[in-house]
2 protein chains.
Amino acid sequence: MNAQESIINSVDLDKKTVWFTGLCREKGLKVTPQRIAIYRELVKTNEHPSAEMLCEKVRQVFPSISLDTVNRTLLTLNEIGAAFIVEGSGDAKRFDGGLDEHQHFKCVECKRVIDFSHEPFNNIEVPQEMEEMFVVLRKSVYLEGICDLCR
Amino acid sequence: MNAQESIINSVDLDKKTVWFTGLCREKGLKVTPQRIAIYRELVKTNEHPSAEMLCEKVRQVFPSISLDTVNRTLLTLNEIGAAFIVEGSGDAKRFDGGLDEHQHFKCVECKRVIDFSHEPFNNIEVPQEMEEMFVVLRKSVYLEGICDLCR
DNA sequence: TTGACAAATAAGAGTTACTCCTAAATAGTA
DNA sequence: TACTATTTAGGAGTAACTCTTATTTGTCAA
């Protein structure tokens, strides 16, 4: 087992999968093997994969899956709150399965996205009037600047 | 004068321009009329224009400016901290001249970006260890969810 | 001032990352 | 097991950059 890829154990992965299939049914979405495969690959990694990267992974299981399906599915995951698009994504969108609360720092020069976790940022309070008007699916603190390697 | 466009008065606009030319020189960038025109158009509006939208505006002054120049310039502004790309930008990047501190809420369904200002979010503290490793150019709180019109 | 030169621009071709379309397949339901 | 609305695969199409090249222009030094 590759340490970089296996940041989630198979028990937790199965739990996530059960939760995900439940969420799909709740939202009236069909539980297709492709959808599950894409979700599982996304949740397995913490390297903010692009649709292209995920497509390659999933093709090891579903050789005939199309990039369009991966793209469509990832947007769907974003809409139902099962994943999200990393803030400030530039050229190719980067996706995140949201394993645990964390924030992102993006280098404006090398475009690297660096995860970090800062407890106070995990607990920011959404203003009352926002909660009343909107359904807030996610909140995050996003930093940008120049990273240690670039400066 | 159109109220929608003139959210900044000409004195403040000139102040911003002086600051901007200074920043360019400091960063070793040439102060070209195109660069200034693009910056001024961006700062004049609060509607998160795309490169395309800004290009049209600037063409009223520089009929021959190319879209490529506008794109390149906007990315440069982002790198030196004179402007930024709105988080979660989808298809076409949206830019913000950062007139005053504010946050963004994005609807995952209609893709609308809604500005809001919440005082505690303007004053979040960047962790010490981040400040030491990186140059933090900007920090923001970003919310996503479903807006009042879509839910 | 005036050259010299590195940086910036315009124009257009090229590329990337989606996004749409259609026919075929399939999950959910009766 | 049959039906129907979703979903998928494959391929064509499109939008938004991004690169290349020739030309122009700030900036700096003499």
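Only this structure's heavy atoms are used, side chains among them; waters, hydrogens and symmetry mates stay out. Reminder, nothing fancy here: chain letters follow the sequence lines and each chain counts from 1.
Axis deviation across the helix from C:dT1-D:dA30 to C:dA30-D:dT1 amounts to 50°, comparing end segments of five pairs, rounded to 10 degrees.
Counting 5' to 3', DNA chain C first comes under 4.0 angstrom of a heavy atom of chain A and last does so at the ends given by C:dA17 to C:dG28. Taking a heavy-atom distance under 4.0 Å as the criterion, the stretch of DNA chain D touched by chain B extends 5' to 3' from D:dA16 to D:dT27.
A donor-acceptor pair under 3.5 Å is absent between the side-chain atoms of A:Arg59 and the main chain of A:Ser64, judged by distance alone.
Salt bridge B:Arg138/A:Glu144: present, at least one basic N to carboxylate O contact under 4.0 Å. Between A:Asp12 and A:Lys44, no side-chain nitrogen of the basic residue sits less than 4.0 Å from a carboxylate oxygen of the acidic one, so the salt-bridge criterion is not met.
Contacts with DNA chain D (heavy atom under 4.0 Å) in residues 59-71 of chain A: A:Ser64, A:Ile65, A:Ser66, A:Asp68, A:Thr69, listed by number.
The ring pair (Phe, Tyr, Trp, His ring centres under 6.0 Å) contacts involving residues 8-34 of chain B comprise B:Phe20-B:Tyr39, where partners must be two or more places apart or lie in separate chains. Residue pairs meeting the salt bridge (Lys or Arg N to Asp or Glu O under 4.0 Å) criterion with at least one member in residues 74-86 of chain B: none, sequence neighbours excluded.
Defined by atom type and a distance below 3.5 Å, a donor-acceptor pair is missing between the side-chain atoms of B:Glu101 and B:Asn123. Side-chain atoms of B:Asn122 and B:His102 form no donor-acceptor pair, as typed in the model, at a separation below 3.5 Å. Side-chain atoms of B:Ser66 and B:Thr69 include a donor-acceptor pair closer than 3.5 Å.
The structure places OG1 of B:Thr21 at 13.0 Å from NZ of B:Lys16, a figure rounded to the nearest 0.5 Å.
Checked against the 6.0 Å centroid criterion, the rings of B:Phe95 and B:Phe84 do not qualify as a close aromatic pair. Ring pair B:Phe105/A:Phe134: centre-to-centre distance below 6.0 Å.
B:Leu137 and B:Asn78 get closest at one heavy-atom pair: CD1-O, 4.4 Å.
Between A:Leu75 and B:Thr73, it is B:Thr73 whose nearest contact on DNA chain C lies nearer the 5' terminus.
Ring-plane geometry between A:His104 and A:His48 is classed as perpendicular, the angle between the planes exceeding 60 degrees on a 0 to 90 degree scale with a lower cut at 30.
Using a 4.0 Å heavy-atom cutoff across all strands shown, A:Arg35 reaches sugar-phosphate atoms only and no base atom.
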